[in-house]
Amino acid sequence: MYSVYIFDLDGTLLDTLQDLANSVNYALRKHDMPEHSIDDIRRFVGNGVRKLMERAVPEGEQNPQFEATFATFRQHYMEHSLDTTRPYDGIPELLRALKQKGCRLAVVSNKMMEATQELCAHFFPEIEVAIGEHEAEGIRKKPAPDTVREALRQLETSPDSSQGGKNLGEAVYVGDSDVDIMTARNSGLPCISVLWGFRDRDFLTAHGATTFVSHPSELL
């Protein structure tokens, strides 16, 4: 068992797919663009909301309406990110159990920083550090290791860091996508891939996953 758990958010702790799809399609409708199916959105997510909209908007960033459509998406999602989003079965119990064992818990996501922190605060009081797409200069989003390193830095300097003397070197990254596999590799951490998220076992295996769990309780 590890002493530090760095979790991805969308597709790992939270099922956010329907709210993301609703906001994407709302923005596309508002700007007279074709909408996408939920399976399309499932394939588009994983690299942050800007990349999500680049994939959803015809011609991506080259579309003259891209920035306006992206802004519409962001505003709608911040207002509707809790409409249908829920933790996956077993996740709240997992986080409580890990916390009771003295583990340190953080979330690192490519989701907007504000949304990441609001969702974690709403659903997961056990999460000590929640980092989304970082606005600080020089901190790159996943799969770069920057936000994972920032999470470990914040855990090291948090008020809880003196309690229990946990070694932050005993850390693991938990996610549901190829981006998460690359993030863990780039961060020098082992990776556990979950099978309840946005990607299936075959996809994850093809992208280098070696350790899988099919239910949150298997992480204990």
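Sequence positions, counted from 1, serve as the residue numbers for this chain.
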> Is the shortest heavy-atom distance from the side chain of F123 to the side chain of T85 under 4.5 Å?
Replying inline: yes
>> So which atom in S177 and which in R199 form the shortest heavy-atom distance, rounded to 0.1 Å?
In response: CA-CG, 4.1 Å
> Do the side chains of M33 and L52 join up, straight or via other hydrophobic residues, at under 4.5 Å, putting them in one cluster?
Replying inline: yes
>> Please determine whether salt bridge (Lys or Arg N to Asp or Glu O under 4.0 Å) holds for the pair R50 and E67, giving the CA-CA distance in whole Å, both sets of side-chain angles, and the decisive distance to 0.1 Å.
In response: CA-CA 10 Å; R50 188 174 184 89; E67 295 297 342; 2.5 Å; yes
> Going through the distances and angles, do M112 and Y77 end up as a side chain to side chain contact (heavy atoms under 4.5 Å, CB included)?
Replying inline: CA-CA 10 Å; M112 295 174 289; Y77 186 68; 3.7 Å; yes
> Looking at CG of L105 and CG of L13, how far apart are the two atoms once the value is rounded to the nearest 0.5 Å?
Replying inline: 9.5 Å
>> Could you measure the distance from the OG1 atom of T69 to the NE2 atom of H31? Nearest 0.5 Å is fine.
In response: 4.0 Å
>> With a 4.5 Å cut-off on side-chain heavy atoms, are L14 and F124 touching?
In response: yes
> Under 4.5 Å between any side-chain heavy atoms of I131 and Q154, yes or no?
Replying inline: yes
> Would you find more than 12 non-hydrogen atoms of other residues, nucleotides or ligands less than 6.0 Å from D89 atom CG?
Replying inline: no
> So do the side chains of P145 and R185 get within less than 4.5 Å of each other, counting heavy atoms only?
Replying inline: no
>> Assigning hydrophobic clusters by single linkage (Ile, Leu, Val, Met, Phe, Trp, Tyr; side-chain heavy-atom cutoff under 4.5 Å), is I38 placed with Y26?
In response: no
> Is a salt bridge present between R55 and D40, judged by a nitrogen-to-oxygen distance below 4.0 Å?
Replying inline: no
> Can you get from M113 to L155 by hopping between Ile, Leu, Val, Met, Phe, Trp and Tyr side chains that sit under 4.5 Å apart?
Replying inline: yes
> If two hydrophobic side chains count as joined below 4.5 Å and joins carry through other members, does I6 share a cluster with V179?
Replying inline: no
> Yes or no on side chain to side chain contact (heavy atoms under 4.5 Å, CB included) for T183 and V108, after CA distance, side-chain angles and deciding distance?
Replying inline: CA-CA 10 Å; T183 300; V108 169; 5.6 Å; no
> Looking only at heavy atoms, what is the nearest atom pair of L98 and L219, with distance?
Replying inline: CD2-O, 4.5 Å
> Between E218 (side chain) and H215 (backbone), is there a donor-acceptor pair under 3.5 Å?
Replying inline: yes
> If every non-hydrogen atom of F7 is compared with every non-hydrogen atom of L95, which pair is closest and at what distance?
Replying inline: CE1-CD2, 3.8 Å
> With the 4.5 Å side-chain cut-off for hydrophobic clustering, are F212 and V194 part of the same group?
Replying inline: no
> At what distance, to the nearest 0.5 angstrom, does CG of D10 lie from OG1 of T16?
Replying inline: 3.0 Å
> Which distance, rounded to the nearest 0.5 Å, do you find between the CG of N186 and the CD1 of I181?
Replying inline: 12.0 Å
> CZ of R29 to OG1 of T72: how many Å apart, nearest 0.5 Å?
Replying inline: 11.5 Å
> Between N22 and D83, does a side chain to side chain contact (heavy atoms under 4.5 Å, CB included) hold up when you go through it step by step?
Replying inline: CA-CA 10 Å; N22 290 346; D83 286 1; 5.6 Å; no
>> Keeping W196 on the side-chain end and Y88 on the backbone end, is there a donor-acceptor pair under 3.5 Å?
In response: no
> Can you check whether R86's main-chain N or O pairs, donor with acceptor, with D15's side chain at less than 3.5 Å?
Replying inline: no
>> Between the side chains of E156 and R153, is the shortest nitrogen-to-carboxylate-oxygen separation below 4.0 Å, so that they form an ion pair?
In response: no
>> Show the nearest heavy-atom pair for residues V49 and R74, with the distance to one decimal.
In response: CG2-NH1, 4.4 Å
> So, for C103 and E128, which heavy atoms are closest and what is the spacing to 0.1 Å?
Replying inline: O-OE2, 4.1 Å
Please output the side-chain donor-acceptor pairs of residues 204-211 that fall under 3.5 Å, not counting sequence neighbours, one pair per line with the distance.
| unit_1 | atom_1 | unit_2 | atom_2 | d |
| --- | --- | --- | --- | --- |
| T205 | OG1 | R201 | O | 2.8 |
| H207 | ND1 | F203 | O | 2.9 |

>> If only side-chain N and O atoms count, and only distance matters, is there a donor-acceptor pair under 3.5 Å linking D19 with T84?
In response: yes
> Are side-chain heavy atoms of M53 and F44 found at a separation under 4.5 Å?
Replying inline: no
> Roughly how far apart are Y5 OH and I192 CD1, rounded to 0.5 Å?
Replying inline: 6.5 Å
>> For the backbone of S109 and the side chain of D8, can you confirm whether one donor and one acceptor N or O come within less than 3.5 Å of each other?
In response: no
>> Give me the atom names and distance for the closest heavy-atom approach of A21 to I41.
In response: CB-CG1, 3.8 Å
>> Using the ring-ring contact (aromatic ring centres under 6.0 Å, His included) criterion, which residues pair with Y2? Sequence neighbours excluded.
In response: none
> Is the side chain of S187 donor-acceptor paired with the backbone N or O of V148 at a distance under 3.5 Å, no angle test?
Replying inline: no
>> Do the side chains of K111 and E133 get close enough for a salt bridge, i.e. N-O under 4.0 angstrom?
In response: no
>> Between N25 (side chain only) and H36 (backbone N and O only), is there a donor and an acceptor less than 3.5 Å apart?
In response: yes
>> Could you walk me through whether L220 and E93 satisfy the side chain to side chain contact (heavy atoms under 4.5 Å, CB included) test, starting with their C-alpha distance in whole Å, then the side-chain angles of each, then the deciding distance to 0.1 Å, before giving a yes or no?
In response: CA-CA 10 Å; L220 291 173; E93 295 83 356; over 6 Å; no
>> Looking at R149 and D146, is there a salt bridge between them, counting it only when a charged N and a carboxylate O are closer than 4.0 Å?
In response: no
> Side chains of H80 and S23: donor-acceptor distance under 3.5 Å anywhere?
Replying inline: no
> Side chains of Y173 and D180: donor-acceptor distance under 3.5 Å anywhere?
Replying inline: yes
